[in-house]
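Reading through the structure tokens given below for one structure.
When a ligand or atom number is given, it counts from 1 through the structure's own listing order. When a residue number appears, it is its place in the shown sequence, counting from 1. It should be emphasised that the depicted structure is a prediction, and the values quoted were computed from it without experimental measurement.
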Amino acid sequence: MKQHKQRRLAAVCMIVALGATLLISGCSNEPAPTTEGQKTPQTGSGQVDPALTPQTGEDGSKGDEQVDKLASVKSEAAMATTTEEHNGKSVVTNPESIYVVVNKQRSLPDGYEPTDLVEPNVKFSFSEAHEKRHMRKEAAAALEQLFASANESGIELNAVSGYRSFKRQQSLFSHYVDTQGQEYASRVSAVPGTSEHQTGLSIDVSSPSVSNELEQVFGDSKEGKWLAEHAHEAGFIIRYPEDGEAVTGYMYEPWHIRYVGVEAATAIYEQKTTLEQFLSE
Ligand SMILES: [Zn+2]
């Protein structure tokens, strides 16, 4: 009942706001309606239908603050303005940004190594010390949060492979070339300097239910489905979605998650888009 009243109030405020901006001060307790991408649904008589009035907050629409934040992320990290040509290669100018886009067309600067790598306190699929246990500090804290929330939902995830240095990517890539050929290698692995794992913002995760394999079968498992639905809540995206190869350059990888922060991850999840598309709008 109370909620209904609030909706009525919001609807009345909307009409007042539309009709006479001078009177809007009376609505100051309500978040101002956003202007981007939201049209107020109208009934046949031209009145606002309260049931269809956009609400801010829990039911999905955005407050002005979030819209502003996303707009500034998109302009600060826009794909078009964050590369420079170096020896015929496009090299990213923002390797330390949590929004950096590294892909087959966009390399990290030669020798790039993050300065804040730490080991997240989560369960790994192996026990030895290894560089792949690391992530950048902010991403590591978010991963701990993601694993804790999985655990609360009865979902068992294992971390498999995080940070990867240029040198190790080099040896992985040449292993694929040697065993499966150049063409296959470039579909499943990255040319050294173009792996997102080198940013320290990505990690591959799997589950004991699929023997911790990094295979598409993980996407069909209960754990893979949970990950796809909840990764954004901790600031991660499924970086290489199904049917995204034309944009991302990679086949579907339900196990590879990338940290971009909660706002961007939520927007990318809700829009069912990719990091590339999000930052080229
Ligand atoms: Zn990966």
**Q.** Enclosure of Glu76 CD (heavy-atom neighbours >12, cutoff 6.0 Å)
**A.** yes
Q) Are His134 and Tyr163 close enough that their ring centers fall under 6.0 Å? A) no
Could you list the donor-acceptor pairs under 3.5 angstrom formed between side-chain atoms of residues 93-100 and any protein atom two or more places apart in sequence or on another chain?
unit_1 : atom_1 : unit_2 : atom_2 : d
Thr93  : OG1    : Thr82  : O      : 3.3
Ser97  : OG     : Tyr99  : N      : 2.9

Q. Which protein N, O or S atoms lie under 2.8 Å from the Zn ion (ligand 1), given by chain and residue number?
A. His197 NE2, Asp204 OD1, His256 ND1
Q: Indicate the atoms forming the closest heavy-atom contact of Ser186 with Tyr250, along with that distance.
A: O-CE2, 4.4 Å
Solution key, residues 140-155 side-chain donor-acceptor pairs under 3.5 Å, sequence neighbours excluded:
unit_1 : atom_1 : unit_2 : atom_2 : d
Glu144 : OE2    : Asn121 : N      : 2.6
Ser153 : OG     : Ser149 : O      : 3.2

Q: Under the side-chain hydrogen bond (donor to acceptor under 3.5 Å, both in side chains) rule, collect the residues that match up with Asn212, sequence neighbours excluded.
A: Asn158
